[in-house]
Amino acid sequence: MAQSDAADGHEGLVDGDVHHYDSASEMPANIQKYWHQRHDLFSRYDEGVRLTDAAWFGVTPEAVAHRIAADIALAAPPDAKTIIDLFAGAGGNTIALALSGRWEQIFAIERDAATLECAKHNARLYGVENRIWFIHGDCFDVVRKRLKGVVKDAVLFGSPPWGGPGYRDEEVFDLLRMEPYGIEALAGELESLGRGYVLYLPRSSDLNQIAAWKDRLGGQEGKKLRVTHYCMRGASKALCVFYGDFQFEGT
Ligand code: MGP
């Protein structure tokens with residue numbers, strides 16, 4: 001599919017910062033390593049999936065996004081009807097949450113306008129655009145102001161920026177150093193907002209920091225906190241921590 005505009009020197013350019021690349025050689029060098037993962041990230045990539053260059057780093061692979069969406073659907077309080085994707089990015093998680101069919105209302109918040117355009121476009125490709133309310137803005141502002149009326153009964157999903165792929169340099173990742181929101185800042189912003197929170201964090205995250213956060217965001221009273229590694233081809237891609245009002249089989 002030719003969606004490139006080589007004439008102005010930006011191959012793969014759709015509009016502004018939005019791209020659909022047709023080959024690795026069109027991509028900036030720092031993201032070329034993701035070219036071979038494109039069908040893991042979006043199985044329908046070849047149909048015209050769009051991404052900003054920055055979004056490639058943080059997309060949840062489609063199979064992982066589906067598994068997370070299924071796990072949230074099962075464990076969420078049965079009367080919770082709304083889910084809010086706080087950092088929607090190019091839409092990987094939001095699309096999977098919509099395809100799960102579990103939610104009456106899905107909000108997808110993204111503060112970068114070009115990335116939000118990608119999410120909308122990709123949701124359209126996957127046939128779920130009309131099931132998602134896309135909101136441009138800072139997620140904490142949006143949940144406190146525009147979504148004030150719904151957030152208290154909602155489940156919040158967050159796949160925040162981790163500060164780039166450099167997180168891999170540390171054996172145990174210090175969640176205080178996530179950028180731009182460290183775990184303390186996230187906790188402060190989210191505290192007491194929703195029914196439950198699911199956070200997608202580096203596979204090497206410091207579990208002591210995750211546990212320490214439990215008191216502020218709510219763990220299941222007297223129970224262990226649920227942390228799930230999501231793997232592909234036998235290796236963890238990332239982990240999710242479930243805070244708040246979730247029920248898991250056997251717990
Ligand atoms: P990765 O560490 O860049 O590894 O991302 P990669 O290249 O997929 O290869 P691997 O074989 O070492 O796993 C691993 C996963 O982490 C990606 O699939 C993304 O889902 C996720 N991820 C990576 N980064 C840098 C971010 C980020 O900043 N934010 C979020 N939310 N997810 C990220």
Side-chain angles (χ1 to χ4, degrees), residues 17 21 24 27-45 49 51-72 83-97 108-112 114-116 118-119 122 138-140 155-183 185-187 189-190 197-207 209-210 213 217 227-243:
D17 294 328
Y21 292 114
M27 303 171 87
N30 66 330
I31 55 170
Q32 280 186 3
K33 65 163 271 200
Y34 297 107
W35 173 251
H36 78 278
Q37 296 184 17
R38 65 196 182 286
H39 297 123
D40 278 351
L41 301 181
F42 289 100
S43 62
R44 298 173 76 164
Y45 181 84
V49 163
L51 292 156
T52 58
D53 289 346
W56 284 88
F57 295 108
V59 178
T60 306
E62 189 171 304
V64 169
H66 279 297
R67 185 57 200 259
I68 293 171
D71 287 353
I72 299 174
I83 190 154
I84 304 172
D85 186 351
L86 297 167
F87 303 93
N93 289 108
T94 313
I95 292 168
L97 292 166
I109 309 171
E110 172 53 48
R111 71 177 185 174
D112 180 71
T115 310
L116 186 69
C118 295
N122 297 335
D138 173 82
C139 62
F140 303 121
V155 169
L156 280 69
F157 174 81
S159 176
W162 301 344
Y167 81 91
R168 280 183 301 212
D169 300 342
E170 293 177 54
E171 198 177 330
V172 178
F173 182 72
D174 179 355
L175 291 165
L176 293 171
R177 290 181 44 204
M178 272 196 308
E179 288 176 7
Y181 308 105
I183 196 154
L186 274 174
E189 295 283 359
L190 294 176
Y197 311 85
V198 181
L199 292 173
Y200 184 78
L201 298 172
R203 57 191 167 221
S204 52
S205 296
D206 184 337
L207 296 180
Q209 292 176 327
I210 287 175
W213 207 23
L217 285 179
V227 174
T228 303
H229 278 273
Y230 289 90
C231 302
M232 285 184 74
R233 302 179 193 99
S236 176
K237 279 277 166 190
L239 59 80
C240 277
V241 52
F242 294 76
Y243 292 101

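In each ligand, atom 1 is the first atom listed, and ligand 1 is the first ligand listed.
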Residues 56-70 vs salt bridge (Lys or Arg N to Asp or Glu O under 4.0 Å), sequence neighbours excluded, gives Arg67-Asp71
Taking atom types as modelled and ignoring hydrogens, do the side chains of Asn93 and Thr60 form a donor-acceptor contact shorter than 3.5 angstrom?
yes
Salt bridge present between Lys237 and Asp40 (N-O < 4.0 angstrom)
no
Under 4.0 Å from ligand 1, residues with heavy atoms, in chain and number order, are Lys33, Tyr34, Gln37, Phe57, Gly58, Val59, Thr60, Pro61, Ser159, Pro160, Pro161, Trp162, Gly164, Pro165, Tyr167, Arg168, Tyr200, Arg203, Lys237
For Arg203, give me all partners under side-chain contact (heavy atoms from CB on, under 4.5 Å), at least two apart in sequence or on another chain.
Tyr167, Arg168, His229, Ser236
Using residues 27-35 as the side-chain source, report each donor-acceptor pair under 3.5 Å to any protein atom, sequence neighbours left out, with the distance given to one decimal.
residue, atom, partner, partner atom, Å
Gln32, NE2, Ala24, O, 3.2
Gln32, NE2, Met27, O, 3.0

What's the separation between atom CG in Leu239 and atom CG in Leu201, rounded to the nearest 0.5 Å?
5.5 Å
